[in-house]
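A quick write-up on the structure given underneath.
One is the number of the first residue; the rest follow in order along the sequence. We count ligands from 1, going down the list as the structure has it; atoms in each ligand are counted the same way.
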Amino acid sequence: MRIGVLTGGGDCPGLNAVIRAAVRKGVREYGHTFTGFKDGWRGPLEGDSVELPLSSVRGILARGGTILGSSRTNPLHEEDGPRKIIENLTALGVDALIVMGGEDTLGVAAALHGQGLPVVGVPKTIDNDLAATDYTFGFDTAVSIATDALDRLRTTAESHHRAVVCEVMGRHAGWIALHAGLAGGADVILIPERPFDLARVVGWVEARFRRGLAAVLCVSEGAAPVEGDMTLQEGGTDAFGHVRLGGVGSWLGERLQDATGREARTTVLGHLQRGGAPTAFDRVLATRFGLHAVDAVQDGAFGTMVALRGTEIVRAPLSEAVATLKTVPPGRYDEVEVLFG
Ligand code: F6P
């Protein structure tokens, strides 16, 4: 069997570990061959691919990003997109496709499976917002990067008796802010799922100042005040209709400075959270996903996505995986709110 592989959407550490595991098991255990498609769905759409022999995946386990490149190409928005993809796969002799991505990339995979494409999904995103899996790889690395940033920001905030706002990614889910804020000991955590009352945030910060302490706030890029909409840095949307988020951190820093009379500074971590080597947790999870994805192809379990449930890797229906976003439940935020201020 010839198996195609693609990595779509935002890149994240661990993608190369999936590719490595799938190729190594597929070649050595099942005698399969592999075709790597370039830049997400653009590759199958344009027939842009490379051969993936065992030698091509040597030494990539700890490398961030993706050796195949990625994009936010949406073939469902291209004229005859699905037909072109199926024609290109046939022309290249590709019998099945392993698709690594988040809700957008896997949403396309689910739609194409409905049109007959033999596909297995692998959940990828630093946002950890895919419903059918306990964790996605990339998330632990992003949380580790943000936690280290919060530790470092606290030392400068204490030296200058300031409020420091750290804006993190996560789009419409606050998982990175919640976990990094907890691990980094943030004095306030703000997430998209819980619109915040600015006066209450000021109160927490002033309580810190009154005790002669600095204030470090961890704010998700999608967080918004109760009275306003999401704070956007720039206009425009991507091929899946997502707006470019960002700006809430600066907005909040300015208001804290105005309200408290004390200096405030904002740091936006941005794509730092997506770069560099994967953590050990993400290397293990990504490797397991790759091994089980190639088993699913071998078993003909198309239209499924490998997923983590507890410590087990299971197969979830792809349609279920992309149906709803996994956002932070109210109880998980209530649990940590007692630590604020
Ligand atoms: O979905 C992952 C993610 O990093 C989000 O957290 C973030 O909002 C978005 O991608 C950024 O997208 P881009 O890399 O296209 O700017």
Heavy-atom nearest neighbour in the protein, as seen from atom 4 (O) of ligand 1, with distance rounded to 0.1 Å: Arg274 NH1, 2.8 Å

Give a yes or no on whether Gln115 atom CD has more than 12 heavy-atom contacts from other residues, nucleotides or ligands under 6.0 Å away. yes

Under a 4.5 Å side-chain heavy-atom rule over Ile, Leu, Val, Met, Phe, Trp and Tyr, are Ile98 and Leu117 clustered together? no

Stacked cation flag Arg194 on Tyr333, 6.0 angstrom / 45 deg: no

Shortest protein heavy-atom distance from atom 12 (O) of ligand 1, along with the residue and atom involved: Arg72 NH2, 3.0 Å

Do the ring centers of His161 and Phe209 come within less than 6.0 Å of each other? no

For atom 9 (C) of ligand 1, what's the nearest protein heavy-atom neighbour? Residue, atom name and distance, please. Arg171 NH2, 3.6 Å

Subset of ligand 1 atoms that lie under 4.0 Å from at least one heavy atom of Ile126: 4 (O)

Report, in ascending order of atom number, the atoms of ligand 1 lying under 4.0 Å from any heavy atom of His271. 13 (P), 14 (O), 16 (O)

Write out the residue and atom name of the closest protein heavy atom to atom 1 (O) of ligand 1, then the distance separating them to 0.1 Å. Asp127 OD2, 2.8 Å

Taking Arg162's backbone N and O only, do any of them form a donor-acceptor pair with Glu263's side chain (distance below 3.5 Å, no angle check)? no

Run His77 and Phe240 through ring-ring contact (aromatic ring centres under 6.0 Å, His included) and show every step you take. CA-CA 9 Å; His77 284 182; Phe240 291 89; 7.0 Å; no

Any non-hydrogen atom of Asp238 lying under 4.0 Å from ligand 1? no

State whether Glu206 and Arg208 are salt-bridged, where the test is any N-O pair (Lys NZ or Arg NE/NH1/NH2 against Asp/Glu carboxylate O) under 4.0 Å. no

Mark the output for Gln273 as yes if a heavy-atom distance to ligand 1 is under 4.0 Å, and as no if none is. no

Would Gly170 count as a polar contact of ligand 1, with the cut-off being nitrogen or oxygen pairs under 3.5 Å? yes

Within ligand 1, which atoms have a heavy atom of Glu221 less than 4.0 Å away? 5 (C), 6 (O), 7 (C), 8 (O)

